[in-house]
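Have a look at the structure below, then the notes.
Throughout, a chain's letter reflects where its sequence line sits, starting with A, and its residues are numbered from 1.
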Amino acid sequence: MKRILGLILALTVVLSFSMANAEETLNGAGATFPYPLYSAWAYEYHKTTGVKLNYQSIGSGGGVRQVVNRTVDFGASDDALEPKEIEKDKLLQWPQVIGGEVLAINVSGIKSEEMVLDSDSVCKIFLGEVKYWDDKEIKQLNPSLNLPHKEITVVHRSDGSGTTAVFTHYLSEACPAWKSKVGEGKSVKWPVGIGGKGNEGVANYVKRTPFSIGYVEFAYAKQNKLTYTLLKNPAGKVIRPTLETFAEAASAGNYDPKKHFYTWVTNVKSPNAWPIVAATNILVPKERVGENKKVVKFFDWAFSKKADEIAQSLVYAPLPEALKNKIRAYWKANGIY
Amino acid sequence: MIFSFITGIAAISVVLIIVGTLYVLFKESSLSIERFGFLKFITSLDWDPVRESFGAAAALYGTLVTTALALIIAIPVAIGIAIFVTEVAPNFLKGPVGVAIELLAAIPSIIYGMWGLFTLAPIMSKYIEPFLQKTIGKLPLFNILFEGTPLGIDLLTASMILGIMIIPFTASISRDAFNLTPSVVKESAYAVGATKWEVVRDVVLPYSKLGVFGGIVISLGRALGETMAVAFVLGNNNQITTSLLDAAATVTVKLANEFTEADKDIYLSSLYYLALLLFMASFIVLSIAKFLLLKAENKLKA
């Protein structure tokens with residue numbers, strides 16, 4: 001019996017070693033939002049190069065913690081780290097792909113892209129100041145819509161999330177009352193509403209709860225066939241959420257390699273930009289030049305035309321070409337390209 | 001010699017794991033304990049990661065209310081099941097019903113959660129909750145329990161699911177306790193002309209009182225710690241409300257939701273503090289259960 005057990009143990013050890021050696025693997029962890037895209041990319045990349053990507057979607061905060069502790073080859077975070085944190089933890093950071101958030105609603109009789117909201121009305125709804133769908137705040141933006149006198153149920157994320165960080169940043173920028181009463185962060189103290197877990201949780205609650213409103217990643221709204229609104233941007237123009245209007249926000253953003261690309265692209269001034277947009281970022285430990293070269297090789301491939309097409313088919317917006325070149329220069333400057 | 005060594009290590013490792021867990025929880029939460037103290041932490045309603053101000057009151061309230069309600073829902077049903085299986089059911093039904101009850105305990109909690117969200121919540125919001133509002137909700141005192149819009153994502157739905165989940169624990173242990181009633185005593189009761197109901201009420205129940213109680217406390221421990229099923233249907237809102245039709249939060253749901261993205265030290269430490277409180281609470285509850293069961297066994301032996 002003992003001998004058999006010993007044999008099995010030895011065999012597993014040998015097997016696991018040989019399997020680990022047979023394939024090169026990149027280990028990453030972090031944001032849940034780009035997970036579907038990273039795994040689609042990984043599948044394609046593995047087919048062409050034989051290099052495997054193992055990405056654990058544990059959340060942006062977890063991704064940052066893992067890369068700071070040097071347990072993964074790269075971390076991924078929806079909200080960019082500030083330059084001083086990057087310097088302190090000896091990391092490198094760059095944006096990888098763009099995502100936008102939309103306001104999903106469930107109001108009978110109203111279809112996608114029929115209702116218009118602006119940052120002021122969104123802010124008041126999420127503060128609990130606008131309580132009914134036929135409030136004059138919403139009415140004056142939608143004079144032609146037949147709005148019911150029903151109470152609004154606000155749906156937000158219950159878990160800490162990069163999506164929430166972007167949404168609350170958008171509100172804090174656009175609405176002083178939100179900034180002073182609630183503030184911004186991955187989780188905040190919500191004044192009203194119910195909380196769903198994950199983008200899919202919010203999508204689900206909005207779908208099942210009549211007269212509700214919630215913020216979700218555009219991809220989730222599309223997949224779940226949710227009704228979403230148009231938004232008025234800071235330039236005063238009513239905008240549709242599309243990959244083009246998301247990319248427009250990124251083009252207008254002030255991405256500076258000296259600041260490790262730390263910036264926000266919510267509420268940018270361009271008249272054609274969707275107002276709630278953010279890039280999801282990749283973080284690597286600065287000192288691991290060898291591993292970083294492999295990581296960069298993958299993410300450089302992810303900037304290719306083919307990878308862009310995969311991204312678009314999954315409703316993610318590729319970075320503008322100029323920004324991609326800026327990132328390549330940043331890699332070169334840090335000796336990992 | 002080797003045998004006693006191996007089993008000894010196995011036994012001691014349990015104690016080590018418990019002590020180790022307690023130590024880690026205590027150490028990780030020390031920052032938060034220092035900052036907020038004990039009384040302030042458990043009485044503060046604030047849970048504001050942006051301003052770094054944390055309190056456990058709402059989460060503890062949600063945990064206690066869902067647990068208490070779940071017990072109120074589960075206990076009568078569970079004891080009824082146990083009485084049916086041991087005293088009433090014909091022999092050919094005893095086996096299948098007993099197995100079915102135990103299988104109920106084997107369903108993973110996330111499946112209860114999904115069932116709750118997709119099936120129970122719509123039923124609650126469309127039929128049961130409006131009905132409750134129109135009937136008991138109209139009575140004085142009870143009206144504050146059923147205020148608000150019935151969404152089906154609230155304390156009541158969460159408690160229903162928890163109740164269903166803990167039924168098998170109380171039912172199985174009660175059944176075993178009932179079976180421990182010596183048949184001689186029951187037969188003599190029947191012999192003096194007692195009806196079945198009188199035998200259950202006056203002989204079986206008093207005899208197995210402590211066993212049943214132990215079963216209830218084990219259910220209580222389970223209900224205190226349940227996470228996934230509740231996370232789906234509770235709405236996760238950090239507030240204390242009198243209405244059962246409002247969203248709330250529990251300690252475990254808060255931990256599951258916020259742990260991975262807690263990016264500040266004090267935030268993480270406060271989550272550990274919550275975990276520590278829950279650990280101690282369930283440890284105390286389960287110790288009481290164990291104690292009661294022991295007492296019941298000793299009494300029967302004597």
Is the number of heavy atoms from other residues, nucleotides or ligands within 6.0 Å of CZ (A/Phe211) greater than 12?
yes
Does anything in residues 38-61 of chain B get under 4.5 Å of chain A by heavy atoms, and if so which residues?
B/Asp46, B/Trp47, B/Asp48, B/Pro49, B/Val50, B/Arg51
So which part of A/Val64 gets closer than 4.5 Å to some heavy atom of chain B, the side chain, the backbone, both or neither?
neither
Look at atom NZ of B/Lys264 and say whether more than 12 heavy atoms of other residues, nucleotides or ligands are closer to it than 6.0 Å.
yes
Count the heavy atoms of every other residue, nucleotide or ligand shown that sit under 6.0 Å from CD1 of B/Ile9, and state whether that count exceeds 12.
yes
Residue A/Ser161 versus chain B: region with a heavy atom under 4.5 Å
backbone
Surrounding CE of B/Met114 (heavy atoms of other residues, nucleotides or ligands, distance under 6.0 Å), is the total greater than 12?
no
Should the heavy atoms of other residues, nucleotides or ligands under 6.0 Å from CZ of B/Phe131 be counted, would the total exceed 12?
no
Tell me which of these, A/Gly162, A/Gly62, A/Ser187, has more heavy-atom pairs under 4.5 Å with chain B than the rest.
A/Ser187
For atom OH of A/Tyr35, is the number of surrounding heavy atoms from other residues, nucleotides or ligands below 6.0 Å larger than 12?
no
Closest contact, heavy atoms only, B/Phe232 versus A/Tyr205:
O-OH, 2.5 Å
Check this for me: B/Asn143, atom CG, are more than 12 non-hydrogen atoms of other residues, nucleotides or ligands nearer than 6.0 Å?
yes
OG-NZ distance between A/Ser158 and B/Lys254, expressed to the nearest 0.5 angstrom:
9.0 Å
Please look at B/Ala256 and chain A and tell me whether the side chain, the backbone, both or neither of the residue comes under 4.5 angstrom of a heavy atom of that chain.
backbone
Output for pair (B/Asn236 CG, A/His156 NE2), nearest 0.5 Å, gives 8.5 Å
What is the distance from atom CG of B/Leu117 to atom CG of A/Asn204, rounded to the nearest 0.5 Å?
5.0 Å
Mind checking the NZ-CD spacing from A/Lys189 to B/Gln239? Nearest 0.5 Å is all I need.
11.0 Å
Distance, nearest 0.5 Å, that separates CZ of A/Arg208 from CG of B/Leu151:
13.0 Å
Let me know if A/Val155 has heavy atoms under 4.5 Å from chain B in its side chain, its backbone, both or neither.
neither
Which atoms of B/Tyr267 are under 4.5 Å from chain A, going by heavy atoms: the side chain, the backbone, both sets, or neither?
side chain
Of the backbone (N, CA, C, O) and the side chain (C-beta and beyond), which part of A/Thr209 lies under 4.5 Å from a heavy atom of chain B, both, or neither?
side chain
